[in-house]
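Have a look at the structure below, then the notes.
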Amino acid sequence: MTTQLEDEAAQSTTALGPLIGLTREDIIGAVAVLLRETASDPQRLMRHSQEMGMDMIKIMTGKSELAPHPKDKRFMDPAWRYNPFMRAGAQYYLAVQKGMANWLEELDLDALEKDRARFISNIIIDSLAPTNTLMGNPTAQKRLIDSGGLSLIKGLKNAYTDLTENKGMVSQVDKRPFKLGENVATSKGSVVLRTEIMELIHYAPTTDEVYETPQLTIPPQINKMYINDLTPDKSIVKMQVDNGVQTFVISWRNPSKEQGHWDMADYVAACRQAMEAVADITGSKKVNVSAGCSGGQTAATLASKLASDGSDLLGTLTLMVCVLHPKQNDIEAGSLISENGLALARKRAAKKGVIEGDSLARGFAWLRPNDLIWNYVINNYLLGEDPPAFDVLFWNADATNLSASLMGDFLTLFETLAFTKKGEVEMADHMVDLSKVTSDLFILGGVTDHITPWKATYRSTQLFGSKDITYVLSQSGHMQAILNPPGNPKAKYFVQKKKGKLPETADEWLQGTEEVAGSWWPFWIDWIHARSGKKVAAPSKLGNAKHKPLDPAPGLYVVEEV
């Protein structure tokens, strides 16, 4: 059960995207569509009710052939097959599920409304699963008997702890084993620049020689930077320094209500200041930049701004699991987003100053309740188990606030498709135009990524003016696609067989790829090495006279309380 929870939740880490503009009105509107259609055609409703009634009769007489999907993990216990009462309970649930699906197919709705209705109905149906209750979960009942009632006591204790200490949300991770600087974020380094909005961390080299062109990482704005240095065996930072890359990472400050005015222009200016500091410390004329998720959107805006200003400071650009050309049907919940909802989200955010990190996480979890809610209700409350102590989930639970102004700018990028235009949308004090960006590009997607689907990330290959673009498809989902270190026997990735211009569509690209066993990290490191100049002696000290070492990595902002 623990491994299953780790795998499923790790694929569903919180991420910035158009879903930050989803409001309760959008969800209520989708429910209203269902109710409206229910009342619009009584004969259709009667027909489907009769069909469901026939299924119920078959269940009561033991003639029903309804059975859970073989891969539905909720019904794996043998009791669902061999106990007649449990089997009937599962079949009642499956009959409702089947009836709802058949009814939805007949509704007179356009494609977008039907997607909304289907998404909301699935959330409702999932909540009704018998496995979500003690009476309907044979595994929990057996655990209750085997433990002499202790599992129920532990489950109630877990529920009380969540109610009083986790704002009523079921816990996804046991945070107790993890300590920043001790077993998480342990790479040696120092803060060499601190401003109101960010810290710049310079990591200590571990090789005698380093490549002259340094690497700066721009992390997402709603998660802490230490995803890049999670544990020694899952550390991109360690991978870089062990391979002679001069490594710098930005650490964003967690904004409070007073910093709600921080917008994209402020974050881009901070990134540029960090790049200039990195260049000053290393003596390099160029700085390679890598970024993931919303950090990638920030990096793309930065690249456009630098090109607009005629700056040649940017070396290569790496974008990981990042969508620059979104479409509403890219993600399951995308159909719920409306123009009115986006406007309401902006107003509410502006009034609050910030969107709290735990509010974002809570909303995101309820959009994937089977993976992020009910799995944990069963594990923590019904079985009386502790949630898993998993490093990725620990990091994901350590979310930060999002300033209202930055949220508004992200929504503007989504609504206007700013990155697809050439000089038509203003952002960060310039007209966005990625066709002016000519840096070599490395773009990463994840096969099972449902947050930033890989085919959506592939569209970025067509937006830049770069002549040298490499696209790599990792075999996993969102953050797991990035955290794919060497040594994983299941790891693999896909790259284009022949060098040259990438095809226009993801499907065309996929036809010309080859599968490579192992992690994509060494492939990327080789790509970086080829674009990082010659080797020079590693610096004996961190920072320089102008940018003196302050606090040790991972810095103060990652532990600062708001």
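For the single chain, residues carry numbers from 1 onward in sequence order. Below, each value reflects all heavy atoms present in this structure, side chains not excepted, and no hydrogens, waters or symmetry copies.
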query: Hey, is the main chain of V558 close enough, under 3.5 Å, to the side chain of K224 for a donor-acceptor pair?
result: yes

- prompt: Are side-chain heavy atoms of W524 and L444 found at a separation under 4.5 Å?
  reply: no

statement: dist T282:OG1 -> Q246:CD (nearest 0.5 Å) comes out at 5.5 Å

- prompt: Ion pair present between D507 and K455, side-chain N to carboxylate O less than 4.0 angstrom?
  reply: yes

- request: Could you tell me which residues satisfy side chain to side chain contact (heavy atoms under 4.5 Å, CB included) with A270, sequence neighbours excluded, listed by chain and number?
  value: I197, M198, W252

task: Using distance alone, with no hydrogens and no angle criterion, decide if S519 and N484 have a side-chain donor and acceptor under 3.5 Å apart.
output: no

field: Flag, side chain of N183 to backbone of K179, donor-acceptor distance under 3.5 Å
entry: yes

task: First locate atom CG of L319, then atom OG1 of T457, and finally report the distance between them rounded to the nearest 0.5 Å.
output: 9.5 Å

- prompt: Are the side chain of T412 and the backbone of G408 linked by a donor-acceptor contact shorter than 3.5 Å?
  reply: yes

message: Please report the interatomic distance CG(L324) to CZ(F414), rounded to the nearest 0.5 Å.
response: 13.5 Å

message: Assess, by modelled atom type and distance only, whether the side chains of S187 and D229 contain a donor and an acceptor separated by less than 3.5 Å.
response: yes

query: Which one of W454, F523, W521, W520 satisfies the ring-ring contact (aromatic ring centres under 6.0 Å, His included) criterion with Y493?
result: F523

- line: Separation between CG (D440) and OG1 (T470), nearest 0.5 Å, reads 8.0 Å

- request: Kindly say whether S171 contributes a backbone atom to a donor-acceptor pair with the side chain of N380 at under 3.5 angstrom?
  value: yes

message: Looking at T452 and V321, would you say the former's side chain and the latter's main chain have a donor-acceptor pair under 3.5 Å?
response: yes

statement: Sorted by chain and residue number, the ring pair (Phe, Tyr, Trp, His ring centres under 6.0 Å) partners of Y458 (sequence neighbours excluded) come out as Y471, W509

- prompt: Any chance the side chains of D398 and Y226 put a donor and an acceptor closer than 3.5 Å?
  reply: yes

message: To the closest 0.5 Å, what do you measure between CZ (R531) and CG (L317)?
response: 12.5 Å

- prompt: Would you find a donor on one side and an acceptor on the other, under 3.5 Å apart, between the side chain of S474 and the backbone of G446?
  reply: no

message: Quick check: do T416 and M427 have side-chain heavy atoms less than 4.5 Å from each other?
response: no

- prompt: Would you say the side-chain atoms of T207 pair up with the backbone N or O of V210, donor to acceptor, closer than 3.5 Å?
  reply: no

message: I'd like to know if the side chain of N375 and the backbone of N370 have a donor-acceptor N/O pair within less than 3.5 Å.
response: yes

message: Under 6.0 Å between ring centres: does that hold for H529 and Y211?
response: yes

message: Within the 3.5 Å criterion, strictly below it, is a donor on D468 or S466 matched to an acceptor on the partner's side chain?
response: no

CD1 on I227 to NZ on K234, rounded to 0.5 Å: 9.0 Å

Heavy-atom side-chain proximity of I373 to M169 below 4.5 angstrom: yes

message: Check this for me: does any side-chain nitrogen of one of E514 and K497 sit under 4.0 Å from a carboxylate oxygen of the other?
response: no

- request: Say whether, by atom type as modelled, one donor and one acceptor occur between the side chain of D263 and the main chain of A265 under 3.5 angstrom.
  value: yes

message: Checking the side chain of N243 only, and the main-chain atoms of M239 only, is there a donor and an acceptor separated by less than 3.5 Å?
response: yes

Donor-acceptor pair between T316 and S439 side chains, under 3.5 angstrom: no

